[in-house]
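Residue numbers begin at 1 in each chain, while the letters A, B, ... track the order of the sequences.
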Protein chains: 2
Amino acid sequence: MASPRKAAPAPRIRLNRERVIAAAIVLADTGGLEALTMRRLGDDLNVEAMSIYNHVANKDDLINGMADAIFGEIELPSHSDDWKSAIRKRSISFREVLARHPWATTVRDSGTNPGPATLRHHDRVIGTFRNGGFSVEKTAHAFSAVDSYIYGFAMQEKSLPFTTPEETAAMAAIMLAQLPRAEYPYLAELTADHVLQPGYYYGDEFLVGLDLVLDGLATMRDTDRHPGSQPPHSRAASRP
Amino acid sequence: MASPRKAAPAPRIRLNRERVIAAAIVLADTGGLEALTMRRLGDDLNVEAMSIYNHVANKDDLINGMADAIFGEIELPSHSDDWKSAIRKRSISFREVLARHPWATTVRDSGTNPGPATLRHHDRVIGTFRNGGFSVEKTAHAFSAVDSYIYGFAMQEKSLPFTTPEETAAMAAIMLAQLPRAEYPYLAELTADHVLQPGYYYGDEFLVGLDLVLDGLATMRDTDRHPGSQPPHSRAASRP
DNA sequence: CACTTTGCCTTACGACGTACACGTAACTGA
DNA sequence: TCAGTTACGTGTACGTCGTAAGGCAAAGTG
């Protein structure tokens, strides 16, 4: 029985940061951030909880790593598209990623110590605006406006107690039944005449708001208040 | 020793839901949601942790109550203003409230079981759009777009590692020094030429994006795709 | 005044993040 | 090939968390 020498009872694949982060993401995707505990994560990895600490400094570091991994999933804006469709595509991708990983909306990492994927993503988005003719200042406006919208939308979407159109209709009917209509007539109207209509799906709102923001940015770009300086050495970050 | 009868060592004010929620908000404002523990809250209220459970069902209920209280702080859209300035004012107020209570951005309550202040707020905002000439469907678009933007902006603002312009400049200088400029040229440019400029304050971005969204909504309102039905009995929710 | 209700306190439990000490497996260079 | 070193998984333990259960005293009610 067993091989002649090296009678390894089980090869036991070693742990590493990537495996830890990947398993943590799966866990958080399934049960939310609160389901992510070091012990459960250890179970999933066939390892004791404390072993994880050989690969991440602490739970915060783990979550930062997860957040950066998520950023890596977002489709970067294409160099070949014009700025608007490049940003539009990556924004749609961004929302999809946040919908896939709802816990990521609440993670504060990005601002404090962004990882390489996050930095790369930001650099590419900023570069897309700059090369699209936005001044530095307008780029800051644009970046803030678009990403605020996306984050906020993802958060609202996540906090809804339903996802599919069927669930939506069911939940909305219940909520409407409980709602004092005399007290909240407009809310009742919106629920009855819009949310409860067949085929309603909150996610469809995303593109409406996104295009509204993008059109606004296009107008802002061409409104002269700050003539707009030259983008920096435009070839630096090329090569996809 | 002590008074003849009723030797009350201290009158000991009774607890109630409002006092609990108010103290919890102060705690969360100071140290974030993670500083809010039942024991610490008890200390602040001169009470044992378990006593709190006579006034809230559990910690989630407490947080929901906090969220609803926060909504009550937001200035409702005025009936006398036109829709745009009414929404603009309440949006600015909304952001101020979220900046004052950063923990509130992450609370998921609103969607699942909103409190009375939340419902009232939503009803008034929806009503403002309806009476401003938005169809039911366009009202849904508008509501989603504006609130997504506000939530997202508040979240980004909160996640920045600085608040005042001085802090901003200091932090930005440090981050810029650590940033591989060759790898992230656009990010470096934005930081150096914009964020590091004297007087830069991220909060100023808010109005830029907000007005962009509001202008977009005004355009959308007047674009005919759905003629727009009549608002429901317009006098229902009057009286400020 | 007795009786009921309300609300605060004490104790206790299981789950959490993680410090610390220990052992063993994997790698290193002679 | 093998001793020495480093890397990594384990076991135990501590302090903190949310909160269930039960007791007891104050407030409200007849």
Stretch residues 19-29 of chain B: residues that reach within less than 4.0 Å of DNA chain C through a heavy atom: none
Salt bridge flag under 4.0 Å for residues E48(A) and R39(A): no
Ion pair check, R120(B) and D68(B), cut-off under 4.0 Å: no
Check the interface with nucleotides 21-24 of chain C: list each N/O to N/O pair with the protein under 3.5 Å, or write none.
none

Whole-Å gap separating C1' (dA25(C)) and CG (L15(A)): 14 Å
Gap between atoms CG and P, on N54(B) and dA21(D) respectively (whole Å): 14 Å
What does the list of N/O pairs under 3.5 Å between the protein and nucleotides 14-20 of chain D look like, with a distance for each?
residue, atom, partner, partner atom, Å
dG18(D), OP1, K59(B), NZ, 2.6
dG18(D), OP2, M38(B), N, 2.9
dG18(D), N7, R39(B), NH2, 2.5
dG18(D), O6, R39(B), NH2, 2.8
dT19(D), OP2, Y53(B), OH, 2.7
dT19(D), OP2, K59(B), N, 2.9
dT19(D), O5', Y53(B), OH, 3.4

Heavy-atom check, side chain of V107(A) versus side chain of M66(A), under 4.5 Å: no
Side-chain N or O of S51(B) closer than 4.0 Å to phosphate OP1/OP2 of dG7(C): no
Nearest-angstrom distance from the residue atom CG of N16(B) to P of dT6(C): 16 Å
Distance, rounded to the nearest Å, where E48(A) contributes CD and dT12(D) contributes C1': 11 Å
Length of the line joining L41(A):CG and dG17(C):C1', which is rounded to integer Å: 13 Å
